[in-house]
Amino acid sequence: MLFNSIDFAIFLPVVFFLYWFVVNRNLKLQNFFIVVASYVFYGWWDWRFLFLIILSTVTDYLVGLGLKKYDNDDTKRKSLLGISLGVNLGLLGFFKYYNFFLDNFAAAFSFFGAEIQASSLNIVLPVGISFYTFQTLSYTIDIYRRNIEPTRDFIAFTAFVSFFPQLVAGPIERAANLLPQFFKERTFEYHKAVDGLRQILWGLFMKVVIADNCAQIVDQVYGNSAEETGSALFLATLFFTFQIYGDFAGYSNIAIGTARLFGFSLMQNFAFPYFSRDIAEFWRRWHISLSTWFRDYLYIPLGGSRTGTGMAIRNVFIIFIVSGFWHGANWTFIVWGALNALYFLPLFLSGRNRDHLEIVAKHSRLPSLNDTLKILTTFSITVFAWVFFRAENIGQAFYILGEIFSASLFESPGFRFYTLGGLIIGFMVVEWFGRRGEYAIEKFGIRWPKIIRWGFYLGLTFLIFLYGGQENEFIYFQF
Amino acid sequence: MAVKKMNSFISNSKVVKKFIIHTMLFSLLSSLFLLAIFSFAGGTTDNYYRNFTSSKQNSLALGSSMAQFGIVPKILNPIVFKDSEKELFNYSFYQATTYYGPIYLQSSKKKLDSNTKDGIFILTVDPWLLSSDPVNPESEKYFQENGDLLDKMLFVNMNPNIYYLLFEYRNQYINIIKRWLDPSHMYLHKDGWLESDPNRGPRSDYSEEEKKTWQYELYKNNNLIDRHSSSKLRHYYLKETIRFFKDHGNVYLVRLPTHFLMERIEDKYDPNFDIRLTKIATNEDVNYLSFRNIEEDFQFYDLNHLMPEPAFEASKIIGEWISKHQSSKSL
């Protein structure tokens, strides 16, 4: 079920009530209840998807125990890890990439003059498969590396894999962070729960008011790109920049806030990426759980930056291209990833990829002129790359870029955008002033009188209702 | 240890209760916002909402968008009901699947005041309302209305209809207010009649002939005929609908007028439609009026939907025809 749906609005309080009032006397029972609630949440889309997540869960639970049992047998350990990788990446590969590889395979053959008949399968992509497979893989890989111990508690492990707030679109949690929380008694803390609600509220605002409003224009313009002016395409791309941020970071905020209601702490997934001063900083702030996953489980095993310049460059490209490909079975995502690699490389090779570790203007109200220029430059190149991310195919992406950088950029776009523009400006102002927190309104108005603070939250709620009424899916569900 | 645990549990519960109370208070205040937005809902909201806000009715007109545009209760009422305070309600739907079937019948039953004994029920018919999926026309499982609006609408007599606004309204709520302030070209009256301003709708800058030609080409190119197949099961449900409403009053079958280009398509698809419906009407002991037999030059927005003034005329004709049959029944 969607977070921004009536179904979830009913589901959450029921689960909350049962969790804290009925099953809370026994930790195992409480964990079991999380499993049940999570499976109901996930099965709401399609109950058949449950078989896949159960398969992944059981496989990695047993692999974890096996890795411990054969602690001194490297061959067996490698085989067990291979099973975990095979099952999880196999599931992902089949459901997500089968048709892509088949179509490209056929296209490659026909390029060389040999036509082959390749019938694509009508495969439904299970929601969240890219997320939970990576989450369980991190468990088995960390055990293999002897970074963590496996658990014998099957219920706790199942709850870790299927935990509904972050199941379908992250953050991709590490076992070292989330799994131990299922072994500790959870005590309800009023201020943490209120903080969780606040984060949910902000996440809903980002999704419903910002992302979904941007989506209306983006879908219309990109769906009809051949008829649109350069200015319309430019504005649509700009709005997509905020759509994807509002959608994905909004979801993460709702997920993290919801987890807090149940006494869990999830990792921050977005740290105000559009205020980044260079692309390296952007990638430390955007989809943090995925980028750190690739760093720890792909980049470092490949040698990272310790294997000489040539290999390091290769590793950077691999990471970004695989990251792009993770998003979807389309060449556009691969190009998007490669483009980001090209952006990143100069900083990396000059050793300047760790120049900006703290948030911009940490001790001042406004950024310096230098920082402002850097932010605008980083933002611009990010927007450029989003064209590939959003386009249906490479041809459309180049067409759109061609139109944007043409005289038709100065024609009228053919639609009104001032209300949306105003909302986005207001949104970014709040994000700016809240950039030192985990999410924009974490500390916003915290010193105001209660009545004014509640007035602000009610104002956000009013805007959410005004722009609500449609249940739009989150973009990252398709990944 | 057990006492400590119990104390912790009690203290935990108190804190949770405090949290729930504060959350409920916030939710209550938030709900007031939502209700304030919903208070603007009405005839300008969309083409469906008002159909679900009237109370149970004792006389109904059923059909597709053709009926929703073409049957005007305020014209029919004084003719058919004369001095009585009874009124007809137009329970037809625009762009919703109102084929004769179990779902439309069930929904109509919900709309009817079950105590009605002498109501008037106008069932509009055309070849499309008695057709279904071309591959499986006789299987209810493939009925197009499954899972559609009428299938999901649990409450059809609620004002305001919170259920519809929360679960079925397919637009941002801000549009409820926007449309109230600046209505679109369509307005759904309280009696269910859908009125459209021909000077403001889509393609209003087309000439009349351009609009017709455009839609004719659209139907041809979209293979309207290929996407339908006459269904015996639908005919069965038409009869069931007739029989149900006969227990509550008098039933009249009406085939509304269409543009001659649409007539051409319908005749190609189902040339014996009028003959068949006449037979059904006879067998079910109801009256059937086909506008194919009426020499009148109606004007349409497109190939199907009557403009307001022609709709008044058509409704007047239907009203007088019903009145004539009422008189002959009483003799």
Show me the donor-acceptor pairs within less than 3.5 Å that the side chains of residues 412-429 of chain A make with the rest of the protein, sequence neighbours left out.
from      : atom 1 : to        : atom 2 : distance (Å)
Ser412(A) : OG     : Gly414(A) : N      : 3.4

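- Annotation for Trp180(B): atom CH2 does not count as buried by contact number, only 12 or fewer foreign heavy atoms lying within 6.0 Å.
- A salt bridge is absent between Arg227(B) and Asp133(B): the closest approach of a Lys/Arg side-chain nitrogen to an acidic carboxylate oxygen does not fall below 4.0 angstrom.
- Screening Phe163(A), Trp20(A), Phe164(A) against Phe262(A) for a ring pair (Phe, Tyr, Trp, His ring centres under 6.0 Å) leaves a single residue, Phe164(A).
- Lys152(B) and Glu168(B) are joined by a salt bridge, as a carboxylate oxygen and a charged side-chain nitrogen come within less than 4.0 angstrom of each other.
- In this structure, chain B has a heavy atom under 4.5 Å from the side chain of Leu197(A), while its backbone stays farther away.
- There is no contact between Ile176(B) and chain A, counting heavy-atom distances below 4.5 Å.
- Within the 4.5 angstrom heavy-atom criterion, only side-chain atoms of Ile37(B), from C-beta onward, approach chain A.
- In this structure, the portion of Leu261(A) lying under 4.5 Å from any heavy atom of chain B is its side chain and not its backbone.
- Both the backbone and the side chain of Tyr457(A) come within contact range of chain B, with heavy atoms under 4.5 Å apart.
- The residue among Thr23(B), Leu34(B), Ile20(B) with the most heavy atom pairs within less than 4.5 Å of chain A is Leu34(B).
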